[in-house]
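Order of the sequence lines fixes the chain letters, A, B, ..., with proteins taken first and strands second; residue numbering starts at 1 for each chain.
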2 protein chains.
Amino acid sequence: MGNRLERLLDSVQAATTLEDFQTATEKTRALYRVRHVVYHWVNSEGERFGAGTYPDAWVDRYLAQDYLRMDPVIFGCFQRFTPANWKDLDWSSKPARVMLHDALDHGLGNQGYSVPVRGPNGQFALFTLNHEAEDDVWAGFIARNGRDLMILAHEFNRKALEFELGEAAQTVPSLSPRELAAMRALAMGKSRAQAAADLSISEHTLRVYIESARHKLGALNTTHAVARALSSGLIIV
Amino acid sequence: MGNRLERLLDSVQAATTLEDFQTATEKTRALYRVRHVVYHWVNSEGERFGAGTYPDAWVDRYLAQDYLRMDPVIFGCFQRFTPANWKDLDWSSKPARVMLHDALDHGLGNQGYSVPVRGPNGQFALFTLNHEAEDDVWAGFIARNGRDLMILAHEFNRKALEFELGEAAQTVPSLSPRELAAMRALAMGKSRAQAAADLSISEHTLRVYIESARHKLGALNTTHAVARALSSGLIIV
DNA sequence: CCACATCCCGCCGGAAATGGGGAGTTCATA
DNA sequence: TATGAACTCCCCATTTCCGGCGGGATGTGG
C-alpha cells in the first residue's frame, strides 16, 4: 500500500487544474476501493472549490436544497479537530435525517469518514470517503487508513490553496504595530474611548490608526476592518 | 524508526497532565536527536498552553520582551498552511533579527522547523523542532521526517484540545441561522441597512438578531460580536 | 541625507449604531 | 397540545462612529 499511496500523493502534488483534482479523487477511490471520495473547500457562500466522485445529480441536489446549512458532516467537522466517522455525528435533527435519506437515494453509501482541514484565514475544507459497509468493517477500515487519509487530505488542501492563490494573489497588507494594537483592542470589544485609553493615546489618534488600518485592509467600516484583520491572521483573539 | 514513532505517539496519547506533555516533548527530542522540541498553543494573550524543552530563561525572556508580537515564526506560520523551515521565513525586520540573535544567545540552534496546527474556533498551535545544523543537513532531516512530524504535531494538538476542554468546557454558543447571517453580513462590511436588505428584512429586525447574537456571544458591541463569531469559527469570511 | 512610514494631536457635521421598550407569528419538539 | 425558540416588525433618545480636513515629531532604510 505504501508505494501506491506515494504514487497517489505524487499525482495530487502534480495537480494544476480542476480536472487533475478530479482525477486524483478518482485514483483515491480506486486505491481505497470505496464508493466516493470528495475534497471540498467550504466557506460561507457554499462550496468554493471542490472535486469528487459524487454523482452530479447529488451535488446539484445538495446545493439546490441548501443542505450545506444543515449538513451534520459540515457542521460537526467544523466544530472538531479530529476526523469524523459519520455515524458518530449528530443526526437528531429532522432536516439532517431527511438529507441523509436523500443522499442514500442518490447512490451514496451509508458510511462516511471526513477529515477536516484548516488553513490560514479561517480556510476550511473537508476530505471525505464514502462507502457502503457494516459499522465494524468501516471502523476497521478507518483504523487502518486514518493516518494516511490525514496526510492525503492535507496534500489535497495544500494544492487547493496553491491553486486559489495562483488565481488571485492574496496581498495581505502589513499594518503598523499601533494599527494592529488598535484592531486588537476593537476586536476585544473595546470602544474607541477605551481602546485609546488602553494605548495611552488620544481618541483622535486612535481614530487615525483605525482609519489607516481600514484603508490598508480595503475595509468598508471598522467592523469590516477588524473582521479582515482577524481572518487574514493579522491579529488573534 | 517506525516502532519508536509509534511508542512516542502512544506516550502523547496517554498524556493527561502538563508534565506528561513536557515528557512527551523530551521524548520527541530524544527520538529525533534535536536540540529542542516545543508544542505551544498561541493566542493574543500569549501562550495559552505549552510544553517544551526550551530553557526557562529563554521562555521568560521571550514573554518579557513581547517577542510573540514580532516573531516571524509565529507570524509566518500563521499565514501559511504548510510547515515552515525557519530559514524560509522573513527575517528582514530589525526587531526580528534582534530576537533571533537573542535566541541564539540563549542556547537555541540556528535551524528550526515549525508545524502549524489549526483547530476549531480559530485555535492555533505550533509544533517546533529546533537544532544546530548546516542548511542542507537540516533540509534533509525535514525531508525525511516531515510527514511523521505532522502526525506528531496533530497528536499533540489533539491532546491539548482535550486537555483544555476538560479544564473549562468551552461553550460555543449556538446562533440561529438568521443571527449567523447577520454576523456574516456585518463581517463582510455591510452596514445594517445593507445587511437588512440582503436578508430581505427590516433594519429593526436585523438589529434584534445582532443584539441577540451579541448577548449569546457575551460581546460588548457589534464589532466584538463579529470578532467572536469569526474566531470561534461560527462564521467564515 | 532624504524619503517614507510611523506616531501623535486637533476640529467638524452628518450618519450610523446602541440599548431600552413592546407585540405578533410560525414551527419543532417535548 | 403546549412550551419555547426563532422570526418578524415598530418607536425613542442617546451615544458612537465616520470621513474628511489640518498640523508636527520621530524614526528606519535606501
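Using bins of under 30°, 30° to 60° and over 60° for the plane-to-plane angle, the ring pair A/W138/A/F141 lands in the parallel bin. Under the 30°/60° scheme for interplanar angles, the aromatic rings of A/Y54 and A/H36 are found to stand perpendicular.
Going from atom CG of B/L206 over to atom P of D/dT8 covers 10 Å, rounded to whole Å. Rounding to whole angstrom units, NE2 of residue A/H224 and C1' of D/dC18 are separated by 16 Å. One interatomic measurement links the two molecules: CD1 of A/I210 to P of C/dC8, which rounds to 14 Å at whole-angstrom precision. As rounded to whole Å, 7 Å separates atom P of C/dG19 from atom CG of B/N221. Look at CH2 on B/W91: it is 20 Å from C1' on D/dG29, rounded to the nearest Å. Counting to the nearest Å, the P atom of D/dC17 and the NE2 atom of A/H204 are 12 Å from each other. To the nearest angstrom, P of C/dT6 lies 10 Å from CG of A/L180. Rounded to an integer number of Å, the gap from CD1 of A/I201 to C1' of C/dT6 is 12 Å.
Across all strands, B/K216 comes closer than 4.0 Å only to sugar-phosphate atoms, never to a base (heavy-atom distances). Within the 4.0 angstrom heavy-atom criterion, only backbone atoms of the sugar-phosphate kind lie near B/S176; the bases stay farther away.
Residue whose closest nucleotide on DNA chain D sits further toward the 5' end, between B/E203 and B/L175: B/L175. Residues A/E211 and B/S200 each lie close to DNA chain D; by heavy-atom proximity, the contact nearer the 5' end of the strand is made by B/S200. Nearer to the 5' terminus of DNA chain C, by closest-nucleotide assignment, is the contact made by B/A193 (compared with the other of A/R97 and B/A193).
The side chain of A/S191 contributes no N or O atom lying less than 4.0 Å from OP1 or OP2 of D/dT15. In this model, the phosphate group of C/dT18 is approached by a side-chain N or O of B/T222 to a distance below 4.0 Å at OP1 or OP2. OP1 or OP2 of C/dC9 has at least one side-chain nitrogen or oxygen of A/S202 nearer than 4.0 Å. At the phosphate of D/dT15, neither OP1 nor OP2 sits under 4.0 Å from any side-chain N or O atom of A/R192. At C/dT6, none of the side-chain N or O atoms of A/Y209 fall inside 4.0 Å of OP1 or OP2 (strictly under the cut-off). Residue B/R207 places none of its side-chain N or O atoms closer than 4.0 Å to OP1 or OP2 of C/dT18. Residue A/R178 places none of its side-chain N or O atoms closer than 4.0 Å to OP1 or OP2 of C/dA5.
Residues A/V73 and A/W91 form a side-chain contact, since some pair of their non-hydrogen atoms from C-beta on lies under 4.5 Å apart. Using a 4.5 Å cut-off on side-chain heavy atoms (C-beta onward), A/T82 and B/L161 make no contact. Under the 4.5 Å side-chain criterion, counting only non-hydrogen atoms from C-beta, A/N85 is in contact with A/Q111.
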